[in-house]
Amino acid sequence: MKICKSELLLLGGMYQILAFILSYIDTPLADATLGILYIMFWIAVLAMSLSIINTWGFVHRTNEAFPKISVFLASIGWIPYFSVIYAFLTVIIDYMVTGSNSLTVFLNNYMPVVSVYLSLIALSLIYAIYKVFYKHEDLNMSCYNYNQNI
């Protein structure tokens, strides 16, 4: 079982952009679509991680069609994974410290973390700019054999 970091980051970046756009639409349909998108994202991550699907054609085709944009998408692809890990760790620490299962610590600690979070996003995008415009590199997706017909 081989987990391809570039594909997971690119998938995370695609999800993050779609979720960002949908979060600004204030309708029940957009909220439902966002929930379905979230579930589909984690199913895709699970399928890619467990190698249920040998080649993830959509992600690879996106990288082939837009190699420079893929670098930027992959640079922000860590956001959904970090958000889930941060939420779980905060709830676990809250339970260990206070003995409650409330989200109080998560909500109280969210605002100080936002500045760190935004600076990490800015650093990720600056690194992507450096990688694309100065090093002239594309996203390397060499985890699987893509010479097959997709």
Side-chain angles (χ1 to χ4, degrees), residues 1-25 29-96 101 103 105-107 109-150:
M1 174 170 57
K2 188 173 190 178
I3 297 175
C4 185
K5 178 184 75 165
S6 333
E7 285 191 341
L8 289 175
L9 287 175
L10 183 56
L11 182 66
M14 286 189 263
Y15 164 75
Q16 191 61 37
I17 293 297
L18 289 173
F20 181 75
I21 293 168
L22 284 173
S23 68
Y24 281 104
I25 302 171
L29 180 62
D31 292 340
T33 306
L34 192 57
I36 292 169
L37 182 67
Y38 184 75
I39 292 169
M40 287 174 48
F41 168 71
W42 285 108
I43 289 172
V45 167
L46 185 65
M48 289 172 71
S49 298
L50 296 177
S51 297
I52 293 172
I53 301 172
N54 289 336
T55 59
W56 195 261
F58 175 73
V59 176
H60 178 69
R61 280 181 278 185
T62 302
N63 184 38
E64 290 293 317
F66 309 105
K68 304 287 185 202
I69 294 174
S70 295
V71 174
F72 288 98
L73 288 174
S75 73
I76 61 169
W78 59 270
I79 297 171
Y81 306 110
F82 176 78
S83 300
V84 169
I85 291 169
Y86 176 72
F88 278 130
L89 286 177
T90 306
V91 169
I92 290 169
I93 291 170
D94 179 33
Y95 184 74
M96 289 172 36
N101 57 0
L103 297 177
V105 173
F106 176 73
L107 295 175
N109 290 336
Y110 181 72
M111 291 313 289
V113 173
V114 168
S115 59
V116 173
Y117 192 61
L118 291 175
S119 64
L120 287 174
I121 292 171
L123 287 174
S124 297
L125 290 173
I126 289 170
Y127 179 70
I129 290 170
Y130 169 74
K131 193 172 179 180
V132 168
F133 294 113
Y134 294 107
K135 289 179 76 177
H136 301 288
E137 290 184 12
D138 293 338
L139 188 61
N140 184 13
M141 299 180 85
S142 60
C143 291
Y144 301 108
N145 182 11
Y146 287 113
N147 295 328
Q148 304 169 2
N149 291 333
I150 297 176

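Throughout, residue positions are numbered sequentially from 1 according to the sequence presented.
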With L37 via side chain to side chain contact (heavy atoms under 4.5 Å, CB included) - residues at least two apart: Y15, L18, L22
Within-4.5 Å side-chain heavy-atom neighbours: L9 and L73: no
With sequence neighbours excluded, residues passing side chain to side chain contact (heavy atoms under 4.5 Å, CB included) with I85: L89
Note, F41 side chain near V45 side chain (heavy atom, < 4.5 Å): yes
Where at least one partner belongs to residues 66-85, residue pairs that pass salt bridge (charged side-chain N to carboxylate O under 4.0 Å, His left out), sequence neighbours excluded: K68-D138
Results of ring-ring contact (aromatic ring centres under 6.0 Å, His included) for F66 - residues two or more places apart only: none
Any pair counted as side-chain hydrogen bond (donor to acceptor under 3.5 Å, both in side chains), so long as it reaches residues 71-81, sequence neighbours left out: W78-S124
Y130, OH: over 12 other non-hydrogen atoms inside 6.0 angstrom: no
Partners passing side chain to side chain contact (heavy atoms under 4.5 Å, CB included) against I39 (at least two apart in sequence or in another chain): I43
Residues that F20 engages under side chain to side chain contact (heavy atoms under 4.5 Å, CB included), provided they are two or more places apart: Y24
Side chain to side chain donor-acceptor pair (under 3.5 Å) partners of S70, counting only residues at least two apart: N63
Note, V59 side chain near M14 side chain (heavy atom, < 4.5 Å): yes
